[in-house]
Amino acid sequence: MTITRTDATDRLTRDHVLVIGLLLVATFVVILNETVMSVAIPVLQEQLGVPPSVGQWLTTVFMLTMAVVIPLTGFLIQRIGTRPLFITAMSSFTAGTVLAFVAPGFEVLLVARVVQAVGTAIMLPLLMTTVMTLVPENRRGVMMGNISVVIAVAPALGPTLSGLVLDHLGWRWIFGVMIPIAVAALVVGAVCVRSVSPTVSVPIDVVSVPMAILGFGGLVYGLVGIGEAADHGSAVPVWIPFTVGVIGLCAFVIRQLRLQRTDRALLDLRVFASFQFSLAIVAMVVAMSTMMGTFIVVPYFAQAVLGFSPLSTGLLTLPGGLLMGIAGPVVGRIYDRRGPRVLVMPGALLITAGVWLLTTIDTTTSAWLLTGANMTLCLGLAATFTPLMTSALGSVAPARYSHASAALGTFQQVAGAAGTALFITVMTVVAADGRAAGVADAQAITDGVRTVFTVAGVLGLVLIVIVAFVRAPKSSVHPEHTDVGETLPDETSPAPTISVQGSSDELTRLS
């Protein structure tokens, strides 16, 4: 058994820097896949001979798989450990990417997207848990700034990469260009990554798994179904998956509340006892909904109304993505020195300004306005995501970092689905009403998009109110004396990092 302690004054070891660096690169690659389909789906529909209602499943099934797997990652991280879970996740993603590259038709490509999504769902919670475990409290802002680059820049760059590949190569190379990176990350990680977080021998609760699948899967499918129903009709009435989702989610919550009394919960809900964690989660949901909805609607508007090519459409998001990449670590350093309050309010104001600027678009809008609005939005997201994530995870006990990361990832995924569903539904309904009234198609779509960003602007105002209450997590004097099974304080500082292979009884004695 090996115990490694890292206090707030220690520097990260080379091994720790290598582990975090590998996880950052791997997570960036896997999350990039969430938005590469936004520009590619029309091309795939044409070349694979499938209607839009079927083609959209390449995105829908990815989101569904993410929503089902992420809630399980808190348990998996505690049970399996960093290295084997990293190898499992990257192996799944790599296999799915290779399968997508060689897919002979739509059905195989759909299966490949599921296999990809399993690996993607594991990587982000694993990255956040590892950072919270290894990084001293006074340096977490910079590291979380790097994670915010992964969360926000990768989706922003997805359409650019997709458009570039589609303009010069076939659709298969959207996946082909990622294969060498994924294989390299898998090989290097298998050699260099070591388990850095505690592991406990707790049997999985087999009853909770189908509850999570029905609950989170049903909810996300229902949200996606709203957008599909508004756009081109849904094969399944929207109320059915929503009903299944709500019932499954209620059953899942009740069972986790019972299991967490003996530390056997699949997703420990005691993380929500922290007010700052819960508040940051709500703020992240609003910001993530706005981001994902915008990243879907702006490319659609650029292609459908302004007639942009896939590459030109993708390039609209490139400056904003690069700006986020530059701003992320800077925002992290400011957080480490000044806390979250000096960042989240300006960030929320910039997000709101960016989406309100988009309410001024018309059928002759220039690419400069779209790019400028996107850059404003992205700078606001960079200033908001890092302090919210750091404050949220820093507000829970170290023993629950994995569950807090899983909860954060789950709500981000649901928020992305909700934002996409809300924006597409509003745009489609308004555009359909305009066409029915005799308005030209381009103008009807433009009216729908303007309405979408009016709704987004209202969400921005809500975000401003929420972040006004965000505070830095309080530090506890002796968090290491907290037993694994007892009720933890609302906000705690990180305990010494312990890498342990052993039973749960041994782990409790070490605590």
Side-chain angles (χ1 to χ4, degrees), residues 22-23 25-37 57-103 106-130 150-151 154-155 158 174-175 178-179 181-183 185-187 189-190 193 204 206 208-221 224 248 252 266-267 402-403 405-414 416-417:
L22 281 169
L23 289 175
V25 172
T27 306
F28 185 90
V29 173
V30 300
I31 291 185
L32 194 65
N33 272 267
E34 246 187 303
T35 54
V36 291
M37 289 289 102
W57 270 95
L58 292 173
T59 298
T60 302
V61 77
F62 196 93
M63 297 175 69
L64 278 173
T65 306
M66 292 271 287
V68 168
V69 176
I70 288 178
L72 312 181
T73 57
F75 173 86
L76 294 175
I77 292 170
Q78 286 192 329
R79 182 68 177 83
I80 298 177
T82 311
R83 183 174 182 271
L85 199 56
F86 173 85
I87 294 173
T88 300
M90 283 309 298
S91 297
S92 176
F93 176 79
T94 303
T97 305
V98 172
L99 184 61
F101 179 65
V102 300
F106 179 81
E107 293 78 8
V108 176
L109 183 58
L110 194 66
V111 173
R113 290 288 284 171
V114 173
V115 179
Q116 275 189 318
V118 170
T120 304
I122 295 172
M123 286 304 303
L124 184 58
L126 181 61
L127 170 61
M128 288 194 289
T129 302
T130 302
V150 168
I151 291 176
I174 293 176
F175 307 102
M178 295 181 186
I179 292 174
I181 304 173
V183 170
L186 173 59
V187 172
V193 170
I204 189 168
V206 293
S208 295
V209 174
M211 290 179 177
I213 293 173
L214 293 174
F216 294 103
L219 183 60
V220 170
Y221 183 79
V224 173
F252 180 79
L266 204 62
L267 181 63
S402 61
H403 290 282
S405 299
L408 181 61
T410 300
F411 275 89
Q412 284 176 340
Q413 192 61 31
V414 172

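As the structure is a computational prediction, the values presented were derived from the model and not from experiment.
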Taking the side chain as everything from C-beta on, heavy atoms only, tell me whether [X] gets closer than 4.5 Å to [Y].
X	Y	result
V29	F93	yes
M123	F86	yes
I122	L85	yes
F62	T120	yes
F175	Q116	yes

Supply the atom-to-atom distance [X] [atom1] to [Y] [atom2], rounded to the nearest 0.5 angstrom.
X	Y	atom1	atom2	answer
T130	L23	OG1	CG	5.0 Å
I181	L186	CD1	CG	13.5 Å
I174	T97	CD1	OG1	12.0 Å
M178	T94	CE	OG1	12.0 Å

Atom of [X], atom of [Y] and distance for their closest heavy-atom approach:
X	Y	answer
V68	G217	CG2-CA, 3.9 Å
G189	L22	CA-CD1, 3.9 Å
V115	S92	O-OG, 2.7 Å
A26	A185	CB-CB, 4.4 Å

Donor-acceptor pair, side chain of [X] and main chain of [Y], under 3.5 angstrom:
X	Y	result
R83	A190	yes
T73	P125	no
S91	T88	no

*More than 12 non-hydrogen atoms from neighbouring residues, nucleotides or ligands closer than 6.0 Å to CZ on F411, yes or no?*
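No, not enclosed.
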*Verify side chain to side chain contact (heavy atoms under 4.5 Å, CB included) between M66 and V118, making sure each step is shown before the conclusion.*
CA-CA 7 Å; M66 292 271 287; V118 170; over 6 Å; no
